[in-house]
Chemist: 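Have a look at this one before I ask anything.
Computed from heavy atoms alone, side chains included, the values below leave out hydrogens, waters and symmetry copies.
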Amino acid sequence: MIGAIKLFSGNASPELARDIARHLGVPLGDATVSRFSDGEIQVEIADNVRGRDVYLIQPTCSPSNESIMELLIMVDACKRASAERITAVIPYYGYARQDRKAAPRAPITAKLIADLLEAAGVSRVLTMDLHAGQIQGFFNVPVDNLYGSKNLIPYLEKLVGGEPNLVVVSPDAGGTERARAYAKVLGCGLAVIDKRRTRPNESAVMHIVGDVNGKVALLVDDMIDTAGTLTGGARALVEKGGATRVIAVATHGVLSGPAIQRLKDSPIELVITTDTIPLSEGAKNMGKMENVSVADLFAKAIRSIHEADSVSRLFL
């Protein structure tokens with residue numbers, strides 16, 4: 001019989017780990033993830049994990065390589081301490097955009113990360129809004145992919161639920177299915193921005209498919225990285241489409257490079273993300289960021305996994 005739940009956190013997002021532990025009513029385990037003087041990672045698990053159901057909470061966000069290595073070493077430490085089951089709770093799965101060969105001699109790094117996690121000893125993976133759903137198939141262990149919309153949509157219903165001129169907009173054709181799911185629940189129209197990428201992390205907006213004139217545009221994406229696609233789309237919605245307001249929502253606020261300045265300078269009046277990635281001080285002080293917690297959703301999923309209950313009830 002599998003033992004009690006044990007939760008541990010790396011350094012990527014201890015605040016989210018504490019919130020998950022609070023929702024579960026389980027104390028966060030005693031683990032220290034530090035550095036030797038030469039930069040090597042040192043992990044010390046102080047709690048007994050023999051025969052326990054262990055959950056390691058670590059989004060693999062920036063610094064991505066450090067976060068991934070911390071997680072791998074924590075998995076190895078728990079495996080060698082005879083944990084019965086080790087679940088990697090990865091709210092944000094880094095390298096997910098490298099899910100296929102986009103050019104000759106290119107790696108498929110998302111698969112490499114999956115192989116590394118399995119080799120380290122992971123029994124199961126719990127994540128949220130994978131950039132590419134097929135990454136679940138990169139693993140030979142169970143993968144539960146939660147949806148941030150489960151918590152984001154109730155927030156949006158309170159924010160703009162009564163808005164008669166609301167339209168959900170996908171910033172590109174690839175995100176149409178996601179935007180359609182939001183539009184269906186919110187009971188509003190759908191539009192898509194047709195754009196062509198000119199170089200990595202930059203894109204040129206071509207035209208808007210759908211009516212956004214005089215409407216409140218809700219731009220929906222899975223992540224905001226450098227914000228080039230999002231802010232370019234927002235300008236097109238206002239300048240070409242005639243949208244009166246633009247609100248952006250995404251599960252993962254990566255916000256790298258020029259993202260914060262671009263968002264500041266854009267016509268987007270509000271940016272809504274979840275806490276799968278901790279916000280930087282610059283993002284917090286931007287004046288147009290809102291953060292929706294998904295700690296309760298992860299806590300429910302962990303409880304369901306531990307009790308061998310269905311996780312699918314948590315899907316939208």
Chemist: Please confirm whether the backbone N or O of Ile86 pairs with a side-chain atom of Ser123, one donor and one acceptor, at under 3.5 Å?
Modeler: yes
Chemist: Which heavy atom of Ala88 sits nearest a heavy atom of Val122, and at what distance?
Modeler: CB-CG2, 4.0 Å
Chemist: What are the two closest non-hydrogen atoms of Pro171 and Thr229, and how far apart are they?
Modeler: CB-CG2, 3.9 Å
Chemist: Under 3.5 Å, which donor-acceptor pairs do the side chains of residues 244-258 form with other protein atoms, sequence neighbours left out?
Modeler:
unit_1	atom_1	unit_2	atom_2	d
Thr244	OG1	Lys215	O	3.2
Arg245	NE	Glu269	OE1	3.2
Arg245	NE	Glu269	OE2	3.1
Arg245	NH2	Glu269	OE2	2.8
Thr251	OG1	Asp129	OD2	2.3
His252	ND1	Thr276	OG1	2.8
His252	NE2	Met128	O	3.1
His252	NE2	Asp129	O	3.2
Ser256	OG	Asp225	OD1	2.3

Chemist: Backbone N or O of Asn11 within a donor-acceptor pair of the Glu70 side chain at under 3.5 Å?
Modeler: yes
Chemist: Do you know the tightest heavy-atom contact between Ala283 and Leu279?
Modeler: CB-CD2, 4.1 Å
Chemist: Can you confirm whether more than 12 heavy atoms, excluding those of Lys184, are under 6.0 Å from its NZ atom?
Modeler: no
Chemist: Starting from the C-alpha separation in whole Å, work towards a yes-or-no answer on side chain to side chain contact (heavy atoms under 4.5 Å, CB included) for Val220 and Leu152.
Modeler: CA-CA 11 Å; Val220 175; Leu152 286 168; over 6 Å; no
Chemist: Any side-chain heavy atom of Leu112 sitting closer than 4.5 Å to one from Ile108?
Modeler: no
Chemist: Could you state the interatomic distance from NE2 (His131) to CD (Gln134), rounded to the nearest 0.5 Å?
Modeler: 9.0 Å
Chemist: Within the structure provided, determine whether Asp99 and Leu130 are in side-chain contact (heavy-atom separation under 4.5 Å).
Modeler: no
Chemist: Is there a path from Met74 to Val125 through hydrophobic residues (I, L, V, M, F, W, Y) whose side chains come within less than 4.5 Å of each other?
Modeler: yes
Chemist: Give the C-alpha distance, both sets of side-chain angles, the deciding distance and a yes or no for side chain to side chain contact (heavy atoms under 4.5 Å, CB included) between Ile113 and Phe138.
Modeler: CA-CA 9 Å; Ile113 299 301; Phe138 292 175; over 6 Å; no
Chemist: Pick out which of Arg124, Glu118, Lys111 makes a side chain to side chain contact (heavy atoms under 4.5 Å, CB included) with Phe139.
Modeler: Glu118
Chemist: Spell out, yes or no, whether Tyr182 and Val209 are grouped together once hydrophobic residues are joined by side-chain heavy atoms under 4.5 Å, including indirect joins.
Modeler: no
Chemist: So, does Asn291 use its side chain to make a donor-acceptor pair with the main chain of Thr274 at under 3.5 Å?
Modeler: yes
Chemist: Leu126 and side chain to side chain contact (heavy atoms under 4.5 Å, CB included): which partner among Val143, Asp144, Asn145?
Modeler: Asp144
Chemist: Can you measure from CD (Glu307) to CD1 (Ile2) and round to the nearest 0.5 angstrom?
Modeler: 12.0 Å
Chemist: Where do Lys240 and Val238 land on the side chain to side chain contact (heavy atoms under 4.5 Å, CB included) test, with the steps shown first?
Modeler: CA-CA 6 Å; Lys240 297 181 180 179; Val238 173; over 6 Å; no
Chemist: At what distance, to the nearest 0.5 angstrom, does CD1 of Ile224 lie from CD1 of Ile272?
Modeler: 9.5 Å
Chemist: In terms of side-chain geometry, is the basic nitrogen of Arg303 or Asp309 positioned less than 4.0 Å from the acidic oxygen of its partner?
Modeler: no
Chemist: Is Lys6 salt-bridged to Glu84, going by a charged N under 4.0 Å from an acidic O?
Modeler: no
Chemist: Short question: side chain of Thr60, backbone of Tyr92 - any donor-acceptor pair under 3.5 Å?
Modeler: yes
Chemist: Any chance CZ of Arg80 has more than 12 other-residue heavy atoms, nucleotides or ligands included, within less than 6.0 Å?
Modeler: no
Chemist: Do Leu230 and Val212 share a hydrophobic cluster, counting only Ile, Leu, Val, Met, Phe, Trp and Tyr and linking them when any side-chain heavy atoms are less than 4.5 Å apart?
Modeler: yes
Chemist: Do Pro278 and Cys61 come within less than 4.5 Å of each other through their side chains, counting heavy atoms only?
Modeler: yes
Chemist: Hydrophobic clusters here meaning ILVMFWY residues chained together by side-chain heavy-atom distances under 4.5 Å, can you tell me if Phe298 and Ile277 are in one?
Modeler: no
Chemist: Determine whether Leu16 and Ile68 fall in the same hydrophobic cluster, where Ile, Leu, Val, Met, Phe, Trp and Tyr are linked whenever their side-chain heavy atoms lie under 4.5 Å apart.
Modeler: no
Chemist: Please name the pair of heavy atoms, one in Ala217 and one in Val169, separated by the smallest distance, quoted to 0.1 Å.
Modeler: CB-CG2, 4.0 Å
Chemist: Is there side-chain contact between Ser304 and Arg313, with at least one heavy-atom pair below 4.5 Å?
Modeler: yes
Chemist: Above 12 or not: heavy atoms from other molecules or residues under 6.0 Å from NZ of Lys158?
Modeler: no
Chemist: With rounding to the nearest 0.5 Å, note down the distance linking CG in Asp194 to OG in Ser170.
Modeler: 10.5 Å
Chemist: Side-chain donor-acceptor contacts of residues 19-31 below 3.5 Å, not counting sequence neighbours, with atom names and distances?
Modeler:
none

Chemist: Does CD in Gln42 sit with more than 12 non-hydrogen atoms of other residues, nucleotides or ligands closer than 6.0 Å?
Modeler: yes
Chemist: Would you sort out whether Met69 and Glu66 count as a side chain to side chain contact (heavy atoms under 4.5 Å, CB included), showing the intermediate values?
Modeler: CA-CA 5 Å; Met69 200 63 196; Glu66 293 277 311; 5.9 Å; no
Chemist: Are Met289 and Thr273 close enough that some pair of their side-chain heavy atoms sits under 4.5 Å apart?
Modeler: yes
Chemist: In chain order, what residues pass the side chain to side chain donor-acceptor pair (under 3.5 Å) check against Thr109, with sequence neighbours excluded?
Modeler: Gln98
Chemist: Could you give the distance from CD (Glu239) to CD1 (Ile208), rounded to the nearest 0.5 Å?
Modeler: 10.0 Å
Chemist: For the residue pair Ser312 and Ser310, confirm or rule out a side-chain donor-acceptor distance under 3.5 Å.
Modeler: yes
Chemist: Counting distance only, does the side-chain N/O of Asn151 pair as donor-acceptor with the main-chain N or O of Ser293 below 3.5 Å?
Modeler: yes
Chemist: Where the side chain of Gln58 meets the backbone of Ser67, is there a donor-acceptor pair that is under 3.5 Å apart?
Modeler: yes
Chemist: Can you see which heavy atom on Gly233 is nearest to which on Leu219, and at what distance?
Modeler: C-CD1, 4.4 Å
Chemist: For a 4.5 angstrom cut-off between non-hydrogen side-chain atoms, does Leu156 reach Val185?
Modeler: no
Chemist: Please find the pair of heavy atoms, one from Ala110 and one from Ile135, that lie closest to each other, and give the distance.
Modeler: CB-CD1, 4.0 Å
Chemist: Regarding Glu281 and Lys284, does a basic nitrogen lie under 4.0 Å from an acidic carboxylate oxygen?
Modeler: yes
Chemist: Side chains of Ile305 and Tyr55: closer than 4.5 Å at any heavy-atom pair?
Modeler: yes
Chemist: Distance-only, no hydrogens or angles: does the Arg262 side chain make a donor-acceptor pair with backbone N or O of Thr226 under 3.5 Å?
Modeler: yes
Chemist: Using 0.5 Å steps for rounding, measure from the CG atom of Asp265 to the CD1 atom of Ile260.
Modeler: 12.0 Å
Chemist: Given side chains that start at C-beta, do those of Ile302 and Thr87 come closer than 4.5 Å, heavy atoms only?
Modeler: no
Chemist: Could you tell me whether Met286 atom CE has more than 12 heavy atoms of other residues or ligands within 6.0 Å of it?
Modeler: yes
